[in-house]
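A quick note: this is a predicted structure, and the numbers were derived from the prediction, not measured. So you know, we letter chains A, B, ... as the sequences are listed, proteins then strands, and number each from 1.
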Protein chains: 2
Amino acid sequence: MQTISRENYLKAILKLEGRADIVSNQALADKLETKPASVTSMLHKLADEGWVKHEAYKGVQLTGEGKGIALATLRKHRLWEVFLVEKLNFGWDVVHQWAEELEHIGGEELTNRLDAFLGHPAFDPHGDPIPNALGKWKDGRNLVQASQAEPGSVVLIKGVLNSGEEFLQHLNTMHIQLGLQLIVVQRYEFDDGLVLEWPDGRQATISHETAQNLLVEMKQN
Amino acid sequence: MQTISRENYLKAILKLEGRADIVSNQALADKLETKPASVTSMLHKLADEGWVKHEAYKGVQLTGEGKGIALATLRKHRLWEVFLVEKLNFGWDVVHQWAEELEHIGGEELTNRLDAFLGHPAFDPHGDPIPNALGKWKDGRNLVQASQAEPGSVVLIKGVLNSGEEFLQHLNTMHIQLGLQLIVVQRYEFDDGLVLEWPDGRQATISHETAQNLLVEMKQN
DNA sequence: CAATAAATTTAGGTGTGTCTAAAAATATTG
DNA sequence: CAATATTTTTAGACACACCTAAATTTATTG
Ligand SMILES: [Mn+2]
Ligand SMILES: [Mn+2]
Ligand SMILES: [Mn+2]
Ligand SMILES: [Mn+2]
């Protein structure tokens with residue numbers, strides 16, 4: 001039975017599979033803000049449904065069917081985020097929680113109509129690619145963490161590695177947004193802070209931690 | 001705690017209060033497609049929350065706070081229905097179930113933005129008035145059941161008393177939709193069937209039951 | 001490699017919302 | 001107005017998704 005909680009678990013497993021090939025109980029508990037015992041219990045249910053392969057004490061992996069559900073949920077999440085930002089004019093820092101609920105509504109038909117209404121967007125407001133109806137996407141971008149950009153280079157802000165409200169609000173405060181082009185002026189040896197220059201000539205420094213969570217496209221140098 | 005189920009109950013009570021002043025357990029069970037024992041159980045919870053006044057064996061009534069939640073939920077339901085029809089081009093016969101889920105998402109801020117995005121619609125796709133942010137609406141229309149229209153009169157379709165999928169699909173089949181202007185040509189004495197004439201001159205007959213569920217504005221006669 | 005630490009699972013509970021079957025209260029009617 | 005029918009409530013269960021605390025298993029390390 002496809003419940004909200006189960007879709008959330010499958011989506012979380014999908015994201016964690018991106019890094020490690022096998023997903024640990026603990027990582028899931030952290031991501032879902034729940035307790036390991038709850039995760040174990042749910043993994044049994046997901047395995048019963050045939051959506052994950054679970055080996056006791058070893059970890060989980062999505063099955064083909066499980067991945068399909070996870071991708072469909074992720075697609076809905078990101079499309080609704082685009083809706084909230086593009087159509088209802090919300091900031092990228094507040095849309096995640098609503099999308100977390102909206103992603104569980106309706107099926108393929110509703111999703112495809114929403115997709116068409118939004119003009120088949122390729123990326124969500126955080127720069128994350130939106131899977132198509134088949135769960136596929138192509139991301140021709142070659143993104144790196146801003147922390148890896150050398151002084152003198154020009155970078156284009158294209159995504160974030162942390163979509164949390166606090167981080168995004170910090171970016172708002174720093175006047176950093178997707179599509180912005182910045183010049184990396186200097187790197188402080190001591191703490192790896194980066195001095196950046198905005199198009200209007202203003203300069204400001206971002207911390208190493210902030211730079212690590214910023215995905216950019218290298219324009220020059 | 002404001003859960004999906006509790007919002008559904010409050011909304012159901014609100015609608016049933018429209019007819020009888022005190023709502024019976026049975027009526028609620030019917031409307032919510034649940035069992036009387038479940039209703040009793042839920043009414044206790046709603047009473048504990050202070051959202052209804054419940055006298056054992058007598059019936060329920062919304063409190064001010066309960067009515068507020070019910071109206072907010074109804075507002076969201078109808079706004080999302082407008083979205084689905086106006087923006088995603090769904091038919092009025094299929095949007096109810098999705099709205100039944102969407103109505104539980106987000107709060108005032110999201111709702112007000114949606115309202116603005118839709119251009120502050122006064123009525124939903126079924127001709128039902130949409131409460132404003134304060135739960136109020138003004139319905140200047142003077143609607144009657146089509147079954148009460150006399151032969152020779154001209155009527156404007158403005159609403160339905162039954163928003164069920166089957167009835168709405170039947171109206172689709174009959175080419176009856178909101179805003180349509182029809183001439184009542186004749187009433188059959190035997191079964192109160194109504195012969196109607198469409199703007200293109202075509203004529204067709206609708207049953208008394210169908211006419212009873214159609215709300216119209218009298219244009220002439 | 002045995003002792004310790006960390007991760008995972010099991011056992012036993014809780015709250016929400018539902019159900020069926022039985023008891024209690026209210027309505028209806030001969 | 002007493003007998004019967006209907007409505008409502010209570011009692012006892014169940015599924016879902018959580019939790020804490022206590023095993024159990026796996027990993028680490030002296
Ligand atoms: Mn979610
Ligand atoms: Mn996103
Ligand atoms: Mn609902
Ligand atoms: Mn409606």
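Contact annotation: A:Thr34 does not reach the phosphate of D:dA17 (side-chain N/O to OP1 or OP2, under 4.0 Å). Within the 4.0 Å cut-off from OP1 or OP2 of D:dC18, at least one side-chain nitrogen or oxygen of A:Tyr9 is found.
Annotation: salt bridge (charged side-chain N to carboxylate O under 4.0 Å, His left out) contacts involving residues 92-113 of chain A, sequence neighbours excluded, comprise A:Lys11-A:Glu100, A:Lys11-A:Glu103, A:Glu109-A:Arg113. The salt bridge (charged side-chain N to carboxylate O under 4.0 Å, His left out) pairs that include a residue from residues 60-86 of chain B are B:Arg75-B:Asp115, B:Arg78-B:Asp124, where partners are two or more places apart or lie in different chains. Residue pairs satisfying the salt bridge (charged side-chain N to carboxylate O under 4.0 Å, His left out) criterion with at least one member in residues 33-61 of chain B, sequence neighbours excluded, are listed as follows: B:Arg6-B:Glu49. Residue pairs meeting the salt bridge (charged side-chain N to carboxylate O under 4.0 Å, His left out) criterion with at least one member in residues 16-32 of chain B, sequence neighbours excluded, do not occur.
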Anything under 3.5 Å between a donor and an acceptor, one on a side chain of residues 157-168 of chain A, the other on a protein residue two or more places apart or in another chain? List them.
{"unit_1": "A:Asn162", "atom_1": "OD1", "unit_2": "A:Gly164", "atom_2": "N", "d": "2.6"}
{"unit_1": "A:Glu165", "atom_1": "OE2", "unit_2": "A:Gln169", "atom_2": "NE2", "d": "3.4"}

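Taking the side chain of B:Ser5 as heavy atoms from C-beta on, and the options C:dT20, C:dT18, D:dC18, the nearest nucleotide is C:dT18. The listed nucleotides are C:dT16, D:dC16, C:dT18; the one nearest the side chain of B:Thr3 is C:dT16.
Atom-to-atom, CE of B:Met42 to C1' of C:dC19 comes out at 14 Å; the value is rounded to the nearest Å. For the pair B:Leu28 CG and D:dT7 C1', the interatomic distance rounds to 13 Å; values are reported in whole Å.
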Expected rows: protein N/O vs nucleotides 6-9 of chain C N/O, under 3.5 Å:
{"unit_1": "C:dA7", "atom_1": "OP1", "unit_2": "A:Gln26", "atom_2": "OE1", "d": "3.2"}
{"unit_1": "C:dA7", "atom_1": "OP2", "unit_2": "A:Gln26", "atom_2": "OE1", "d": "3.2"}
{"unit_1": "C:dA7", "atom_1": "O5'", "unit_2": "A:Gln26", "atom_2": "OE1", "d": "3.1"}
{"unit_1": "C:dT8", "atom_1": "OP1", "unit_2": "A:Asn25", "atom_2": "N", "d": "3.4"}
{"unit_1": "C:dT8", "atom_1": "OP2", "unit_2": "A:Gln26", "atom_2": "N", "d": "2.8"}
{"unit_1": "C:dT8", "atom_1": "O3'", "unit_2": "A:Tyr57", "atom_2": "N", "d": "3.4"}
{"unit_1": "C:dT9", "atom_1": "OP1", "unit_2": "A:His54", "atom_2": "NE2", "d": "3.0"}
{"unit_1": "C:dT9", "atom_1": "OP1", "unit_2": "A:Tyr57", "atom_2": "N", "d": "3.0"}
{"unit_1": "C:dT9", "atom_1": "OP2", "unit_2": "A:Asn25", "atom_2": "ND2", "d": "2.4"}
{"unit_1": "C:dT9", "atom_1": "OP2", "unit_2": "A:Thr40", "atom_2": "OG1", "d": "2.8"}

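Between A:Ala12 and A:Leu28 the shortest heavy-atom distance is CB-CD2, 3.7 Å.
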